[in-house]
Amino acid sequence: MAQRFYDTKTAAVRDFVPLTEGEVSLYYCGATVQGMPHVGHVRSAIVFDILIRWLEYTGLQVTSVRNVTDIDDKILEKSAASYGEDFEEDDHYPAEEPWFALAYRFEQEFARAYATLGVRRPTYEPRATGHIPEMFALIHRLVDAGHAYPATDGSGDVYFDVRSWDSYGELTRQRLEDLQDAPDAGPRGKQDPRDFALWKGAKDTDPATALWDSPWGRGRPGWHLECSAMATKYLGNHFDIHGGGLDLRFPHHENELAQSAAAGDGFAEFWLHNGMVTYEGEKMSKSVGNTISPEQMLEQARPKAVRYFLGQAHYRSQLDYRPTSLQEAQAAVERIEAFLDRGADVVAEAQLRREEAAAVAASLSGQSTGEGTEAVYVAQFSSVPTAFRAAMEDDLNVPQALAVLHDAVRAGNTALAAGDTDAVEQHYADVQAMVDVLGLDDVPESEPTQDPAAHHALDTLIRAQLDARAAAREAKDWATADRIRDTLAAAGVVVEDSAGGARWSLQ
RNA sequence: GGUGGGGUGGCCGAGAGGCGAGGCAACGGCCUGCAAAGCCGUGUACGCGGGUUCGAAUCCCGUCCCCACCUCCA
């Protein structure tokens, strides 16, 4: 089986063959940093994070790019508003904030949200404002090729000429004449209302810091142009995958494709689009005002559970958020974790026995020990189950991959109960490998138990309680035993009895 | 009007002609001093009406409803 992806442009699932053997070039649209991130933004990042982790797992070297749009109308508007006389500050919008300060502040908020949920940083994270010369070069090529023209009204705008490019609409299979006229389709120096701006001429209201001198006059870049310029700078004229949210297909990605292809670039081989997060059936968006922020989710559930929730559906499906969604995700995550916790003890013990046996064998034969056992362990256990691989290869079918993961957890639990160490080791390794690919083990969690000193102190204190409880149980003094368990429970410590003695964990 | 995607058991969510993915919740059982965890089992799921087929959630015809994009949007 080979890797397959659904490509929006051809509207089909196709075999994915990298342009350069062993390497993958991926560009996906990041955010316009004009406000706080919501979980829709984060879902997209998690989807592509899982994609990258999977491709790397299969041995490919991935170069990934996620842009930051740090200049656009909304950013300028919000900054301008902060200087207004009747402006009211709030937590997210202080008064008198320059546009670049606002953009950078929200860029950091996005970075924080990504990091909290275990989204690794892309290879490159370019900002639009840092790539003005690259954009000039692209505009020049388009003007020279007859696919772009300066506005006829002296505004300083430069437009892409959609009628000059027969393939316009090929990404989303739409015909020019079927498109609704834009509501603000005023003349504005366009030859056709569907032409889009590559460069926006300076307006009176634009701050000087937001303007650049260009061969077409002072101004600032158009949104679509940024992505084309940055994608090809870091990945070359022809690259493997272009991703982004489904809502970006039109006009954003259609325009990107048109301008890049018209300039003669091969651009993206595959177009991957992730589905929207909905709130009780409706798309989550700023304009509707039904957004949930990562922070709000993190108040309800652990980061790992939030990541699991946002990553659990197929990436092309719409994902519906409901008030109980996070509790459900957390229960699923904790089931996996509980097996890994219990399994780790068994695996460590088995490992120790193997090392001892190897040491004995070595001392008998007079050879040194060391990497031998480790190498055997890695070779034998570090791969993902075939069914998991098949699911991931099939257009990144994470839900089906998760079914494989849960099956392995169940098999592992059964092996634990049966005391079948070999089977526990195998299932433990499988589960660990799958969890790694999904990035679930890469979510930072600030639990006191992760600080070794704090954990040691806590463990010592709780062990004393558990020892006392064990003694009470031995004496069949259930009242005392239960009181100790209740006390620990009230402190947030969950006690589980097992054949090997009591285990504790934080709630 | 155009384009794309959907309607699956209490909820989420895969699948796409033939053994009821998986998770969460519920119920029963095993285990347990009691729990918890875990394991086993239970539910007559595929919007509606027709049709094709030995067999349809999956194919065909009809029909209803929902979502997204066509303006900024992950």
Side-chain angles (χ1 to χ4, degrees), chain A residues 8 11 28-32 34-35 37-48 66 69 72-74 77 110 169 171-185 194 223 243-252 254 273-278 281-288 291 308-309 312-314 316-322 324-325 327-336 338-339 341-342 387 391 394 397-407 409-410 412-414 416-418 473 476-478 481-482 485-486 489 494-499 502-503 505:
Chain A
T8 302
Y28 73 100
C29 287
T32 298
Q34 50 118 342
H38 64 254
V39 295
H41 298 116
V42 178
R43 179 194 185 185
S44 185
I46 288 173
V47 161
F48 288 102
R66 181 185 61 218
T69 296
D72 92 319
D73 291 350
K74 282 240 169 75
E77 274 169 30
F110 272 84
L171 179 66
T172 53
R173 290 170 298 287
Q174 300 188 88
R175 297 184 307 171
L176 266 184
E177 51 269 34
D178 288 336
L179 296 178
Q180 277 179 2
D181 287 342
D184 66 337
R194 288 154 296 207
W223 176 40
L246 201 57
D247 51 355
L248 295 182
R249 273 180 320 173
F250 194 94
H252 185 50
E254 190 71 70
H273 290 102
N274 64 275
M276 301 291 100
V277 180
T278 56
E282 240 191 319
K283 179 186 166 188
M284 214 177 259
S285 72
K286 283 252 159 69
S287 45
V288 179
T291 61
Y308 182 95
F309 167 67
Q312 69 177 338
H314 185 98
R316 285 196 280 131
S317 296
Q318 186 169 290
L319 173 65
D320 197 35
Y321 170 80
R322 276 165 197 282
T324 55
S325 299
Q327 277 62 46
E328 291 165 13
Q330 183 149 314
V333 163
E334 286 177 351
R335 177 180 151 77
I336 297 165
F339 165 67
D341 280 350
R342 289 188 297 264
D394 183 15
N397 194 332
V398 171
Q400 213 155 59
L402 281 172
V404 178
L405 171 60
H406 280 109
D407 284 345
V409 167
R410 180 178 306 104
N413 280 327
T414 301
L416 277 171
R473 293 182 71 208
K476 299 205 189 301
D477 179 1
W478 310 127
D482 290 349
R485 187 169 63 194
D486 290 347
V494 180
V495 176
E496 292 176 20
D497 292 325
S498 71
R503 298 174 54 92
S505 58

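Proteins get letters first, then strands, A, B, ... in listed order; numbering begins at 1 in each. Values below: all heavy atoms of this structure, side chains included; hydrogens, waters and symmetry mates excluded.
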Could you give the CD-to-C1' distance, from A:Gln327 to B:C24, as a whole number of Å?
-> 11 Å
Look at all strands and tell whether A:Gly169 reaches a base, only sugar-phosphate, or nothing, counting heavy atoms closer than 4.0 Å.
-> nothing
Using a heavy-atom cut-off of under 4.0 Å over every strand shown, decide if A:Leu248 touches base, sugar-phosphate, or nothing.
-> sugar-phosphate
Distance below 4.0 Å between A:Ser317 side-chain N/O and B:A14 OP1 or OP2 = yes
Which part of the nucleic acid, if any, lies within contact of A:Ala313, taking any heavy atom under 4.0 Å across all strands shown: a base, the sugar-phosphate backbone alone, or nothing?
-> sugar-phosphate
Once you round it to whole Å, what is the distance between C1' of B:G5 and NZ of A:Lys283?
-> 14 Å
Could you tell me whether A:His38 contacts a base, only the sugar-phosphate backbone, or nothing, with contacts defined as non-hydrogen atoms closer than 4.0 Å?
-> base
Protein-nucleotide distance (A:Lys286, atom NZ; B:C72, atom P), rounded to Å | 16 Å
For the side chain of A:Arg175 and the base of B:C70, is some donor closer than 3.5 Å to an acceptor across the two?
-> no
Kindly assign one of parallel, tilted or perpendicular to the pair A:Phe48 and A:Tyr28, based on the angle between their ring planes and the thresholds 30° and 60°.
-> parallel
Compare side-chain N and O positions of A:Arg249 against OP1 and OP2 of B:U3 and report whether any pair is under 4.0 Å apart.
-> no
Touch check for A:Gly244, heavy atoms < 4.0 angstrom, all strands: base, sugar-phosphate only, or nothing?
-> sugar-phosphate
Give one of base, sugar-phosphate or nothing for A:Val398, where a contact means two heavy atoms less than 4.0 Å apart.
-> nothing
A:Arg473 near the nucleic acid: base, sugar-phosphate alone, or nothing, with a heavy-atom cut-off under 4.0 Å?
-> base
Between A:Glu282 and A:Gln174, which has a closest nucleotide on RNA chain B that is more 5'?
-> A:Gln174
Is any side-chain N or O of A:Arg485 under 3.5 Å from a base N or O of B:A35, one able to act as donor and the other as acceptor?
-> yes
Watson-Crick or G-U counterpart of B:G49, or none if no pair lies under 3.5 Å = B:C61
Just to confirm, is there a sub-4.0 Å distance from OP1 or OP2 of B:G15 to any side-chain nitrogen or oxygen of A:Asn397?
-> yes
For residues A:Tyr308 and A:Ala329, report the shortest heavy-atom separation together with the two atoms involved.
-> CD2-CB, 3.8 Å
Would you classify A:Val277 as touching base, sugar-phosphate or nothing, given that sugar-phosphate means primed atoms plus P, OP1 and OP2, and contacts are heavy atoms under 4.0 Å?
-> base
Starting at atom CG of A:Asn274, determine the distance to atom C1' of B:G5, rounded to an integer number of angstrom.
-> 14 Å
Which listed nucleotide (B:G23, B:C72, B:A74) is nearest to the side chain of A:Ala332?
-> B:G23
Search all heavy atoms of A:Pro399 against all heavy atoms of A:Ala313 and return the closest pair with its distance.
-> CG-C, 3.7 Å
Test A:Arg503 against every option in A:Val495, A:Asp341, A:Asp497 by the side-chain contact (heavy atoms from CB on, under 4.5 Å) rule and name the one that passes.
-> A:Asp341
Mind checking A:Leu319 for me? I need base, sugar-phosphate or nothing, with any heavy atom below 4.0 Å counting as a touch.
-> sugar-phosphate
Between the side-chain atoms of A:Asp497 and the base atoms of B:C34, is any donor-acceptor pair under 3.5 Å?
-> yes
For A:Asp482, which contact category applies under a 4.0 Å heavy-atom criterion: base, sugar-phosphate, or nothing?
-> base
Any side-chain N or O of A:Arg322 less than 4.0 Å from the OP1 or OP2 oxygen of B:G13?
-> no
Let me know the distance between CZ of A:Phe339 and P of B:G23, rounded to the nearest Å.
-> 14 Å
Heavy-atom distance under 4.5 Å between the side chains of A:Arg342 and A:Asn413, does that happen here?
-> yes
Tell me what A:Arg316 touches on the nucleic acid: a base, only sugar-phosphate, or nothing, going by heavy atoms under 4.0 Å.
-> nothing
Round to the nearest Å and state the distance from A:Leu171 atom CG to B:C69 atom P.
-> 16 Å
Counting any heavy atom closer than 4.0 Å, what does A:Thr8 reach on the DNA or RNA strands: base, sugar-phosphate only, or nothing?
-> nothing
Polar contact flag, side-chain donor to acceptor under 3.5 angstrom, A:Gln174-A:Thr172 = yes
A:Asp178 vs A:Ser325, nearer the 5' end of RNA chain B by closest nucleotide | A:Asp178
Roughly, in whole Å, what's the span from CZ in A:Arg194 to P in B:U3?
-> 15 Å
What is the pairing partner of B:G38, taking Watson-Crick or G-U wobble pairs with both distances under 3.5 Å in any strand?
-> B:C30
Between B:G38 atom P and A:His406 atom NE2, what is the distance in whole Å?
-> 11 Å
What nucleic acid atoms does A:Ala331 come within less than 4.0 Å of, heavy atoms only: base, sugar-phosphate, or nothing?
-> sugar-phosphate
Quick one: label A:Gly243 by what it contacts on the DNA or RNA (base, sugar-phosphate, nothing), any heavy atom closer than 4.0 Å.
-> nothing
